[in-house]
> 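I have a structure here, written as structure tokens, and I will follow up with some questions on it.
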Amino acid sequence: MIGLRAALPAVLVVVVAGAPAPAPSAAAVLELVDVGHALREQTLVITGGVRNTGALPAGGLVIDASGFAASGDLAAFGSDGIPWTLAPGAAEPFQIFLPLGRSLVSRYTVTVSGSRPRQARPAALSRTIPPAFYRSLILPRVGVDVDAEPTALTFTAAAKGLPVTAVRVTVTLLVRDRDGLTLRALNVEVPVDRPLRLRFAPLIVRVVSVTVADVVLTSTWTLP
């Protein structure tokens with residue numbers, strides 16, 4: 001009797017033990033800290049620092065600042081950089097200058113990114129500037145015209161594109177009364193949305209001077 005041996009297929013069994021999940025890749029994480037602003041004549045100066053809170057160093061950092069007018073249009077732009085390597089946990093300061101033109105910056109955004117390594121996570125931060133911050137710049141930009149008649153004055157304030165509701169002026173007049181010619185000073189608050197007409201008892205000879213003393217600002221950037 002001849003025994004038959006069946007050919008059985010070979011089966012490869014692979015047993016996988018509980019392997020740990022792959023760890024997330026390390027990265028340089030950039031953070032903006034202590035961001036603030038100041039006014040130097042006609043320039044908005046933005047200062048702050050960049051901190052690397054990640055596990056890898058970062059280099060070739062670029063810090064950009066975009067300033068926007070109340071209308072939402074871009075009004076100013078500036079940049080700074082940190083070309084050297086920022087080690088994990090280290091921080092470096094930056095300073096960006098935004099020259100101010102006809103439009104004042106009501107809001108700005110600062111962004112920082114790194115070119116090395118590519119996985120460095122960028123950071124961004126926005127700040128809003130209240131109208132009162134620009135009082136010193138707004139004062140010379142407003143104007144008031146005075147139309148003089150013998151017994152009345154008509155005031156018209158010009159503050160286009162500025163967060164101003166009224167302009168306070170001091171007007172010096174040369175008037176004629178029973179004592180002869182006299183200089184009189186008149187303090188007036190002129191609204192920007194309509195002319196203001198005032199009656200004047202003495203006879204007005206002429207307007208000697210008109211001086212802008214102050215402005216009444218809006219609390220937000222909703223322009224009149």
Side-chain angles (χ1 to χ4, degrees), residues 34-48 65-80 94-110 125-149 151-175 182-202 204-224:
D34 300 327
V35 176
H37 52 270
L39 191 62
R40 296 183 189 172
E41 297 181 351
Q42 302 285 331
T43 301
L44 179 66
V45 183
I46 301 173
T47 57
S66 300
F68 300 92
S71 62
D73 297 331
L74 182 66
F77 181 83
S79 293
D80 195 3
F94 68 85
Q95 184 172 241
I96 300 175
F97 298 90
L98 299 184
L100 299 172
R102 295 177 62 89
S103 297
L104 299 177
V105 172
S106 65
R107 176 180 60 87
Y108 64 85
T109 299
V110 179
L125 181 146
S126 293
R127 290 276 190 271
T128 299
I129 303 177
F133 176 79
Y134 291 113
R135 184 179 296 273
S136 62
L137 289 185
I138 291 174
L139 278 172
R141 297 189 182 198
V142 300
V144 174
D145 291 330
V146 182
D147 184 18
E149 301 175 31
T151 59
L153 295 171
T154 301
F155 298 84
T156 305
K160 184 178 180 181
L162 296 172
V164 177
T165 60
V167 182
R168 293 171 178 159
V169 298
T170 299
V171 182
T172 302
L173 303 171
L174 181 64
V175 301
T182 307
L183 286 175
R184 298 281 185 90
L186 183 65
N187 296 319
V188 182
E189 183 172 296
V190 185
V192 298
D193 57 347
R194 65 186 186 279
L196 176 66
R197 183 178 174 84
L198 297 179
R199 296 284 183 181
F200 207 72
I204 300 172
V205 177
R206 69 184 176 93
V207 177
V208 177
S209 64
V210 180
T211 304
V212 175
D214 201 359
V215 289
V216 180
L217 300 173
T218 59
S219 58
T220 64
W221 284 92
T222 301
L223 301 182

> Distance-only, no hydrogens or angles: does the T218 side chain make a donor-acceptor pair with backbone N or O of T220 under 3.5 Å?
yes
> Rounded to the nearest 0.5 Å, how far apart are CZ of R40 and CG of L98?
12.0 Å
> May I ask you to test the D214-R135 pair for a side-chain heavy-atom distance under 4.5 Å?
yes
> Does the pair L137 and L39 meet the rule for a side-chain contact (heavy atoms from CB on, under 4.5 Å), with working shown?
CA-CA 10 Å; L137 289 185; L39 191 62; 4.0 Å; yes
> Are the side chain of T165 and the backbone of V216 linked by a donor-acceptor contact shorter than 3.5 Å?
yes
> Would you say the side chains of S126 and T109 form a donor-acceptor pair under 3.5 Å?
yes
> Between E149 and R199, is the closest basic N to carboxylate O distance under 4.0 Å?
no
> Given 3.5 Å as the limit, does a donor-acceptor pair link the side chain of Y108 with the main chain of F77, or not?
no
> Report yes if the side chains of I96 and S79 come closer than 4.5 Å at any heavy-atom pair, otherwise no.
no
> Test side-chain hydrogen bond (donor to acceptor under 3.5 Å, both in side chains) on D145 and T156 and set out the steps.
CA-CA 5 Å; D145 291 330; T156 305; over 6 Å; no
> Test your reading of the model: is there a side-chain donor-acceptor pair from R184 to the backbone of V171, 3.5 Å cut-off?
no
> With a 4.0 Å cut-off, would you call R197 and D147 a salt bridge?
no
> Consider side-chain contact (heavy atoms from CB on, under 4.5 Å). Of V175, T182, L174, which one does V205 pass it with?
L174
> Heavy-atom distance under 4.5 Å between the side chains of V190 and P195, does that happen here?
no
> Indicate the atoms forming the closest heavy-atom contact of P131 with P163, along with that distance.
CB-CG, 3.6 Å
> Rounded to the nearest 0.5 Å, how far apart are CZ of F200 and OG1 of T151?
10.5 Å
> Please round to the nearest 0.5 Å and tell me the distance separating atom CG of L44 and atom CZ of F97.
10.5 Å
> Counting N and O atoms only, with roles assigned by atom type, does the side chain of W221 sit under 3.5 Å from a partner on the main chain of I129, one being a donor and the other an acceptor?
yes
> To the closest 0.5 Å, what do you measure between CZ (R141) and CG (L162)?
7.0 Å
> Does some side-chain heavy atom of V167 sit less than 4.5 Å from a side-chain heavy atom of V212?
yes
> Does the pair V35 and R127 meet the rule for a side-chain contact (heavy atoms from CB on, under 4.5 Å), with working shown?
CA-CA 9 Å; V35 176; R127 290 276 190 271; 4.2 Å; yes
> Any chance you could lay out the side-chain contact (heavy atoms from CB on, under 4.5 Å) test for V207 and T172, step after step, and finish with the verdict?
CA-CA 6 Å; V207 177; T172 302; over 6 Å; no
> Is there a donor-acceptor pair under 3.5 Å between the side chain of D80 and the backbone N or O of Q95?
yes
> Quick one: do D73 and F68 satisfy side-chain contact (heavy atoms from CB on, under 4.5 Å)? Show the steps, please.
CA-CA 6 Å; D73 297 331; F68 300 92; over 6 Å; no
> Starting at NE2 of H37, measure out to CD1 of I46 and round the result to the nearest 0.5 Å.
8.5 Å
> Can you give me the closest heavy-atom contact between V142 and A159, atom names plus distance?
CG1-CB, 3.8 Å
> Rounded at 0.5 Å granularity, tell me how far OG in S209 sits from CG in L173.
8.5 Å
> What heavy-atom pair brings A69 and A75 nearest, and what distance separates the two atoms?
N-CB, 3.9 Å
> If you take all heavy atoms of V105 and G67, which pair is closest and at what distance?
CG1-CA, 3.7 Å
> Compare every heavy atom of L186 with every heavy atom of L198, then report the nearest pair and how far apart it is.
CD1-CD2, 4.5 Å
